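All remarks here apply to the structure that follows.
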Amino acid sequence: MEKTNSTSAQNKLRVERSLRVFAGVVIGVFLLWRMYNVLAVEQNFGADTWVRFGLSGLILGGMYALIAIGYTLVYGIMFMINFAHGEVMMLGAFGGFFTFEALRFLPAPSATNPGLNFLNAHPFISIGLAFAVGIFISAVSGYFLEKIAYRPLRKAPRLILLITAIGASIFLQNFAMLMFGPQRKNVINPDILDRSAGWTLIVSDKAVLIPYTGIFSLALSAFLMIGLYVLVQRTKLGRAMRSVAQDKNTAALMGVDVDDVISKTFIISGALAGAAGVMWGIHMGLVNHYTGFLPGIKAFTAAVMGGIGNIPGAMLGGMALGVIEAIGPAALGIDFQLKDVIAFSILVLVLIVRPSGILGEKLSEEKL
Amino acid sequence: MKRILLFTVLVLALLLAACGQAAATEPEACKAEFGCAVIKKGETIKVGYSGPMTGDYSQFGIDMSNAMKIAVTDFGDVQGWKVEMAIEDDGGGAEGGAAVANKLVSDPTFVAMAGHAFSGATAAAIPIYEKAGIPMMSPSATNPDLTTKGSKVFNRNAFTDTEQGIGAAKYIFEKLGVKKLALMHDGSDYGQGLAKVVEENFAAMGGEVVAFEAVTPGESDYSAPLAAVASKEPQALYFGGYNAEASVLVNQMEQAGLSGVIFFGGDGIYGKDFLAKVGANGEGVYSATLVPPGTDPILKFNQAYLDATGTEAGVLSAYTWNSYDAVGALIKAINSVAIAQGDVLYIPRGALVSAVRAMKDYQGIAGVITCKDNGECNASGPVFYIVKDGDWAPAE
């Protein structure tokens, strides 16, 4: 009897799986057909426009990826979704904004230009300072977020942590609104990072502007991601983090200070979010209390798409999501307001075919 | 037991008192539909306002309610009773609009509504005021549909989007000589409605509409939709929406390959706040608005506004003067129907609704208010402004 039961269960699983794959393939074929129509038949856009789409997608994707890593790191270690992560990024963006503001009003007269301010007199130092302040604020808020909101609930069911995280997110958002006011603030960059300055690329006889701010953000996020990868794979702290991710109790028995590792994980993910926040301010130019919310949700999506808990997966997911958002509506020939629909449809599609995400591994019993 | 008895007696006494009073002195006019608002000595007459007081669009709500408070200090006396503004936050959206309307109509001293501010919230609120017999005078809800549904209570002294859109299309086609126009909007009742009107009229005049794109409001990166628009090589870009999105678009136009393209916005982008967000990128941007030239009553109001708020009038939004007029007109209508009897002021609601609709030649600071049968009360049209040297200046 038992044997038949298990075979029928296996059969059921097999049917479900093939159904899923079938649904995935059907939707995939439909999307490809639609893309073919737009790209080859209708030919709405020239090559230069596609380059522009791709560029804006990559820049956005770089920032999504940085934030997504924060989600994935915390999930990998604590198996919780830190929904306040977007708000940590927003605090970092404010840190960068206020640093620029302070330096802009700091006079640094030179012989040729007596009206010069510090921001333009020493642009590299200013940018460095802005990142330092933003990263510091985010790292500190990440640390205290864990200490105050999550640590007392370490032993509680995971659902409670999730609710706490949402609560922390709402708290931080409103805190920032009351502190800094609800209006969007203009981030004024040093002149060398002027938002409409950049290299010009000629694609099919048309000039495509590659903004310095975009390239700067992309390069910096790539650098930080590589740095993080090295940290996790090559250092002692990284090894401790990986061991805690695998099994907290055994790691503790082997002499790893679990609380300390968790704290440091929050500091690292906060620092990355802070860097993303400052970049966001520099590239987009507007900051308010709501700045972190949407990117946070998007980055969470990216982390799930890439396989939550997996660091290269988060990077891949972030980049993919950014590019899909920028290219998707045009490639499918629909309205740009529907870009989120496309992004989330792709997410559903990925999850149908690979429930654990693109690079995600199968979750063990213990992690579930 | 004793307590229950006491309570019952009290309630009965109150009921008797209320009935007795009403039966004894209520004027004839209160027998009409909707009855009367009964304001006792010491109570205030409530005029409502509702708009976004928090969030991205909060400057509109804050600005308009400030102007209205000044109007109440200037005109707020109805036969010895004081008028008070009941200011609520609806966030601009439909859900908030309906919630605020329900809250306000539950107040028996609430008689008229100087709002709502946004078209979305207004559309949701109209049916609720319709049932309660509350006349409305919105200074800023400009969606054309609002006055086509046969509402008895809804009036506005804002110019409609249709009027503005036709004016804008004409200006772009004839004055600016643009032949290829791209349109963008934020998907809101206001923005999309406005963009549609411009699109239809521009095409009807013989111009070519090369793109019609929507953006998601509240985001800080619109480079992808802008690149799509740029590929169509328009000579001008018209945007239906508010300044939060417009400032992002204007800032990213050059990046996206739209340098040298004229940006033309609706009345939603006019104001000093837009200038602060776009800086030098804003040079040459057009906008429509009702802001009148500085006559004496306006200068006097501007001074009062500056004294009261510490901000110059018109910095936050373009609806300041209209808001002042809306409240002034409503109070005038209340004055014309209110009946004082001893210690009680009766305001017949049905008569007030008709009085507002019948408003004629009310001389406000921003223009004359004369209501048509459908509730359109603005007798003057839009004016076009352009950003010159970092400030709005009347366009040729």
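Here the structure is a predicted model, which means the values were calculated and not measured. Below, read A as the first sequence line, B as the second, and so on, with proteins coming before strands; counting in each chain starts at 1.
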Looking at [X], I want to see if its [atom1] is surrounded by more than 12 non-hydrogen atoms of other residues, nucleotides or ligands under 6.0 Å.
{"X": "F344(A)", "atom1": "CZ", "result": "yes"}
{"X": "E283(B)", "atom1": "CD", "result": "yes"}
{"X": "K179(B)", "atom1": "NZ", "result": "yes"}

Does Q337(A) form a side-chain contact (heavy atoms from CB on, under 4.5 Å) with V215(B)? I'd like the steps, not just the answer.
CA-CA 5 Å; Q337(A) 213 177 18; V215(B) 296; 5.9 Å; no
Can you tell me which residue pairs pass the side-chain hydrogen bond (donor to acceptor under 3.5 Å, both in side chains) test with a partner in residues 170-179 of chain A, sequence neighbours excluded?
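Qualifying pairs: E87(A)-Q173(A).
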Q59(B), Q252(B), E219(B): which one forms the most heavy-atom pairs within less than 4.5 Å of chain A?
E219(B)
Out of S223(B), A228(B), A244(B), S58(B), return the one with the most heavy atom pairs under 4.5 angstrom to chain A.
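Winner by heavy-atom pair count: A228(B).
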Can you list the residues of residues 282-292 of chain A that sit under 4.5 Å from chain B, counting heavy atoms only?
H283(A), M284(A), L286(A), N288(A)
When every non-hydrogen atom of A224(B) is compared with those of A326(A), the smallest separation belongs to CB-O, 3.9 Å
How far apart are the closest heavy atoms of F53(A) and A227(B), and which atoms are they?
CE2-CB, 3.7 Å
Measure the spacing between CG of D221(B) and CE of M63(A) and express it to the nearest 0.5 Å.
7.5 Å
Interatomic distance, L226(B) atom CG to F336(A) atom CZ [nearest 0.5 angstrom]:
9.5 Å
So which part of A276(B) gets closer than 4.5 Å to some heavy atom of chain A, the side chain, the backbone, both or neither?
backbone
Does any backbone or side-chain atom of N251(B) lie under 4.5 Å from a heavy atom of chain A? Answer side chain, backbone, both or neither.
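No part of it gets close to chain A.
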Contact listing (chain A partner; residues 254-262 of chain B; heavy atom under 4.5 Å)
E254(B), Q255(B), A256(B), G257(B)
Listed by residue number, which members of residues 181-200 of chain B have a heavy atom under 4.5 Å from any heavy atom of chain A?
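Expected list: D186(B), G187(B).
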